[in-house]
Amino acid sequence: MKKYIVGITGASGSIYGIRLAEEILKAKNEVFIVITDNGQKVMKYETGFELNSVLKRLEGFGKVNLCDINDLFAPIASGSFKVEGMVIAPCSMSAIGRISNGISLNLLDRAADVCIKEKRKLIVVPREMPFNTIHLENMLKLSKSGAVILPASPGFYNKPQSLDDIINFVVSRILDNLDIENNISKRWRD
Ligand SMILES: Cc1cc2nc3c(=O)[nH]c(=O)nc-3n(C[C@H](O)[C@H](O)[C@H](O)COP(=O)(O)O)c2cc1C
């Protein structure tokens with residue numbers, strides 16, 4: 001059983017992180033969830049879900065651990081705790097700014113910093129429009145440090161029929177990047 005960290009920030013689109021955690025669990029992996037305070041607030045606003053109910057549902061799919069955002073003593077704060085990788089979905093411009101500048105104000109920032117220093121997979125799913133130069137420069141810095149910048153920009157060439165199709169398009173690209181087998185979205189000319 002491999003271990004993955006799913007980070008959720010206060011950018012729009014917490015549903016991406018929730019769906020992603022579900023798929024990682026269904027693939028028989030362990031998930032560590034770390035969500036910022038703003039992430040919880042925006043999740044409640046956009047989806048109507050409280051974190052507790054999200055966790056309860058995820059627990060039905062496999063082993064999920066909620067990490068306290070302020071607990072810098074948590075296992076994922078250390079490079080000696082081995083994880084396969086981390087995905088921050090959605091990732092706010094604020095979190096990108098903190099991480100790209102090496103500032104670890106909370107456990108999400110620190111876990112991402114650890115992934116970069118240990119050269120582990122870090123996938124950042126930014127959500128903002130338009131990007132300003134500061135956002136772009138910060139993303140370039142992260143990319144140069146080995147992170148994958150995988151924006152929440154669903155394609156429409158597969159003719160999505162529902163919101164689920166659109167969400168799954170992005171989640172499928174993330175899973176592909178993590179090398180986790182999935183068939184949740186139609187593939188081009190498949
Ligand atoms: C409803 C709502 C939607 C937001 N959407 C975005 C967004 O898409 N991208 C972004 O970078 N910030 C967005 N923000 C602003 C972030 O929540 C804000 O920058 C916050 O400080 C991020 O904190 P965090 O990185 O600790 O989660 C949004 C805020 C609210 C209230």
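- Two residues are said to be in side-chain contact when any heavy atoms from C-beta on lie closer than 4.5 Å; Asn158 and Asp165 fail this criterion.
- Annotation: side chain of Met86 is in contact with side chain of Leu108 (closest heavy-atom distance under 4.5 Å).
- Between the side chains of Asn177 and Lys121, at least one donor N or O sits under 3.5 Å from an acceptor N or O.
- Note that the CD atom of Glu23 and the CD1 atom of Ile18 stand 13.0 Å from one another [nearest 0.5 Å].
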Could you go through Met93 and Ile134, starting from their C-alpha distance and side-chain angles, then the distance that decides it, and tell me whether this counts as side-chain contact (heavy atoms from CB on, under 4.5 Å)? CA-CA 9 Å; Met93 292 305 111; Ile134 297 168; over 6 Å; no
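- With a 4.5 Å cut-off on side-chain heavy atoms, Pro154 and Ile166 count as touching.
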Please evaluate residues Arg120 and Glu84 with respect to the criterion salt bridge (Lys or Arg N to Asp or Glu O under 4.0 Å), reporting the C-alpha separation (whole Å), side-chain torsions for both, the decisive distance (0.1 Å), and the verdict. CA-CA 7 Å; Arg120 292 177 189 149; Glu84 213 62 30; over 6 Å; no
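- Annotation: side chain of Leu107 is in contact with side chain of Ile76 (closest heavy-atom distance under 4.5 Å).
- Taking the ring pair (Phe, Tyr, Trp, His ring centres under 6.0 Å) definition, one finds that Phe32 meets it with Phe81, sequence neighbours left out.
- Side-chain contact check for Ser53 and Arg57: no donor-acceptor pair (N or O, by modelled atom type) lies under 3.5 Å.
- Within 6.0 Å of atom NZ in Lys56, 12 or fewer heavy atoms from other residues, nucleotides or ligands are found, so the atom counts as exposed in its surroundings.
- Proximity of Lys44 to Glu50: side-chain heavy atoms (C-beta onward) are separated by under 4.5 Å at one or more points.
- Using modelled atom types, no side-chain atom of Ser78 and backbone atom of Pro75 make a donor-acceptor pair closer than 3.5 Å.
- When the side chains of ILVMFWY residues are joined at heavy-atom separations under 4.5 Å, either directly or via intervening members, Val170 and Met139 end up in two distinct hydrophobic clusters.
- For the residue pair Ser172 / Asn182, a side-chain donor-acceptor distance below 3.5 Å is found, with atom types taken as modelled.
- Within the 4.5 Å cutoff, the side chain of Ser14 has heavy atoms near those of the Thr47 side chain.
- Ile174 and Ile116 end up in different hydrophobic clusters when Ile, Leu, Val, Met, Phe, Trp and Tyr side chains are linked at under 4.5 Å.
- Closest approach of Cys91 to Ile96, counting heavy atoms only: SG-CG1, 3.5 Å.
- For Asp176, the salt bridge (charged side-chain N to carboxylate O under 4.0 Å, His left out) partners at least two apart in sequence or on another chain are Arg173, Arg187.
- In terms of hydrophobic clustering, with Ile, Leu, Val, Met, Phe, Trp and Tyr side chains grouped at heavy-atom distances under 4.5 Å, Leu142 and Ile88 are assigned to a common cluster.
- The 12-atom threshold is not exceeded at CG of Asn183, counting heavy atoms of other residues, nucleotides or ligands nearer than 6.0 Å.
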Ile103/Asp109 under side-chain contact (heavy atoms from CB on, under 4.5 Å): CA gap, chis, key distance, verdict: CA-CA 7 Å; Ile103 298 167; Asp109 306 341; 5.7 Å; no
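- Surrounding CE of Met1 are more than 12 heavy atoms belonging to other residues, nucleotides or ligands, all under 6.0 Å away.
- Interatomic distance, CG of Leu51 versus NZ of Lys41, reported as 13.5 Å (0.5 Å rounding).
- Under a cut-off of 6.0 angstrom, the local environment of CZ in Phe131 is crowded, with over 12 non-hydrogen atoms contributed by other residues, nucleotides or ligands.
- Taken to the nearest 0.5 Å, the NZ atom of Lys63 stands 14.5 Å off from the CG atom of Leu58.
- Inspection of the Lys141 and Asn101 side chains reveals an N or O donor paired with an N or O acceptor under 3.5 Å.
- Under the 3.5 Å distance criterion, with hydrogens and angles disregarded, a donor-acceptor pair is assigned to the side chains of Asn65 and Glu30.
- In this structure, Ser12 and Glu46 have side chains that are in contact, with non-hydrogen atoms separated by less than 4.5 Å.
- Heavy atoms only, all atoms of each residue included: Ala11 and Pro90 are closest at O-CG, 3.3 Å.
- Listed here is the closest heavy atom pair of Ile5 and Ala111: CD1-CB, 4.1 Å.
- Here CD1 of Ile123 is found 9.0 Å from OH of Tyr4. Values are rounded to the nearest 0.5 Å.
- Rounding to the nearest 0.5 angstrom, the gap separating the NZ atom in Lys26 from the CG atom in Leu175 is 10.5 Å.
- Taking each heavy atom of Ser185 and Asn168 in turn, the nearest pair found is CB-O, 3.8 Å.
- The CG atom of Asp179 lies 8.5 Å from the CD atom of Glu181; values are rounded to the nearest 0.5 Å.
- Ser92 and Ser94 share no donor-acceptor pair across their side chains, judged by distance under 3.5 Å alone.
- Between Ala112 and Ile99, the shortest heavy-atom contact is CB-CD1, 3.7 Å.
- When each of Asp37, Ile35, Ile8 is paired with Ile69, the side-chain contact (heavy atoms from CB on, under 4.5 Å) condition holds for Asp37 and for no other.
- Distance alone, capped at 3.5 Å, places no donor-acceptor pair between the Asn29 side chain and the Leu25 backbone.
- Phe156 is not connected to Leu150 by any chain of hydrophobic side-chain contacts under 4.5 Å among Ile, Leu, Val, Met, Phe, Trp and Tyr, and they are in different clusters.
- By the ring pair (Phe, Tyr, Trp, His ring centres under 6.0 Å) test, Tyr157 pairs with Phe169, Trp188, sequence neighbours left out.
- No side-chain heavy atom of Lys2 sits under 4.5 Å from any side-chain heavy atom of Val83.
- In terms of heavy atoms, Gly79 sits closest to Val114 at CA-CG1, 3.5 Å.
- Linking Ile, Leu, Val, Met, Phe, Trp and Tyr whenever their side-chain heavy atoms come within less than 4.5 Å puts Phe61 and Ile15 in one cluster.
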